[in-house]
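Below, read A as the first sequence line, B as the second, and so on, with proteins coming before strands; counting in each chain starts at 1. The analysis underlying the following values was restricted to heavy atoms, covering all of them including side chains, and did not include hydrogens, waters or symmetry mates. This structure is a prediction, so every number in the text was calculated from the model and none was measured.
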Amino acid sequence: MKCRVCGKKAAVEVRRQGQAFCSEHYLEWFERQVERAIRRHRMLNEHDRVLVAVSGGKDSIALWEVLHRLGYATTGLHIQLGIDAYSQRALKATRAYAQNRGLPLIVVDLKEAYRLAIPELAELTRRRACSVCGLTKRYVMNRVAVEEGFDVVATGHNLDDEASVLLGNVLHWQTDALVRQGPVLPAKTKLAKRVKPLYLLTEREILAYTLLRRLPYQHEECPFAAGAKSLLYKEALNKLESAMPGTKQAFLEQYLKKIEPILKEGLPAGEIELKACERCGYPTTGEVCAFCKTWDHAYRWARKRAVLPDETRFEPKPALAFYAKTAADGG
Amino acid sequence: MKVVLRTPEREERELKGPKRVRQVLEELGIVPEGVIVARGEELLTLDDEVTDGDTIEVISAVSGGRA
């Protein structure tokens, strides 16, 4: 198989586009795809301060690298989840990348900030770890972005993530979740804009980029991900993709283009009104936001079981640790 | 040839060569869309041939839940 640009031996095949590239031209192609997605959906402006959510896995590290190469002013945000050695290795990969590129990194350690890590939070609330982890990460990402003055939060969601979420929502006809799917979530009062610049690139393409750029990343899977439905959906979609290249992209893109607008029209007029959470002041549809409710609940049980002292009260504002903060960032 | 699976747990298999990468994956029951195959630092495409002396890595691209 030959590179479509220079005719040298190909290193990566992009079957959904019937193309193959050598290492050099693959890296160019990949970065151009991200640049196009950013421009097409007006994800970022030239002078935006971008907070990149970095877990240490291939997607977020590749995203940070491409945004940095495209010249955006980026700062990484790593949330230390406290899932034993797995989380330690995730932080190590993230810091290795940030140090290597001389990029600023903010770390929020949940155990230090809130006294409980994800495994304890899941156990105390009797909820799935992925559910409380997702809720906590979204809250912390937004709060750090708003309070530290970032214009936008960029996450490493890829085509497989987006297509598998869509499949899950379609299988259960989750219309409320379906209308929230898309590569850009606009800013609102105390809600930072969120963008997904890798949403049209597959996990396989992102892994190829990470390997060819020799970026440090955490390969191992989160111990709580075993048995997750998202993995089953991804496997099913990859079987379809192998037999019919382009299936995942068509499924997501055609949904966003043709179906989502109709669904949105069919919903009751007006958006759901957002109020300020009574506990933390951040947007919610109820009186108290899901984040504060979940953590207050965990604290009640933690006090009952003497995991935390009786007088401990949950404080939603996270403590931040800054690494390699540059002069340009005001540090 | 030696095949090192990182999907994501590390596992080693021995297969007879020569074979195309596509055949190796078929024999191992691995869906090509979910992995990258590498020989050292060189990334391989499905029609590349691997022989008895080669060591190749099959690296999973699939990751789980996300916020």
Practice task
Taking only Lys NZ, Arg NE, NH1 and NH2, and the carboxylate oxygens of Asp or Glu, determine whether A/Arg16 and A/Glu205 approach each other closer than 4.0 Å.
Solution key: yes
Practice task
Determine the minimum heavy-atom distance between A/Gly82 and A/Ser87, stating which atoms define it.
Solution key: N-OG, 3.4 Å
Practice task
Would you give the length of the straight line joining atom NZ of A/Lys8 to atom NZ of A/Lys2, rounded to the nearest 0.5 angstrom?
Solution key: 12.0 Å
Fill in the blank from the handout: Whatever's closer than 4.5 Å to a heavy atom in chain B on A/Arg214 counts as side chain
Problem - Pairs of heavy atoms under 4.5 Å with chain A: top-ranked of B/Asp48, B/Val35, B/Ile59, B/Leu43 - result: B/Leu43
Practice task
Let me know if A/Tyr217 has heavy atoms under 4.5 Å from chain B in its side chain, its backbone, both or neither.
Solution key: side chain
Completion exercise
In short, B/Gly34 meets A/Asn238 closest at the heavy-atom pair CA-ND2, 3.7 Å
Handout entry: Minimum heavy-atom distance between B/Thr51 and B/Met1, given as atom pair plus value
Key = O-CB, 3.3 Å
Practice task
Answer with side chain, backbone, both or neither: which region of A/Thr202 has an atom nearer than 4.5 Å to a non-hydrogen atom of chain B?
Solution key: side chain
Practice task
Determine the option with the most heavy-atom pairs under 4.5 angstrom with chain B, choosing from A/Leu237, A/Thr136, A/Leu207.
Solution key: A/Leu207
Fill in the blank from the handout: The reported gap from CG in A/Asp161 to OG in A/Ser230 (rounded to nearest 0.5 angstrom) is 8.0 Å
Fill in the blank from the handout: Scored by heavy-atom pairs under 4.5 Å with chain B, the best of A/Glu13, A/His219, A/Glu241 is A/His219
Exercise for the section: Under 4.5 Å, counting heavy-atom pairs only, tell me which of A/Ser242, A/Gly57, A/Ala53 racks up the most with chain B. Expected result: A/Ser242
Completion exercise
Bottom line for A/Lys248: the part with an atom under 4.5 Å from chain B's heavy atoms is side chain
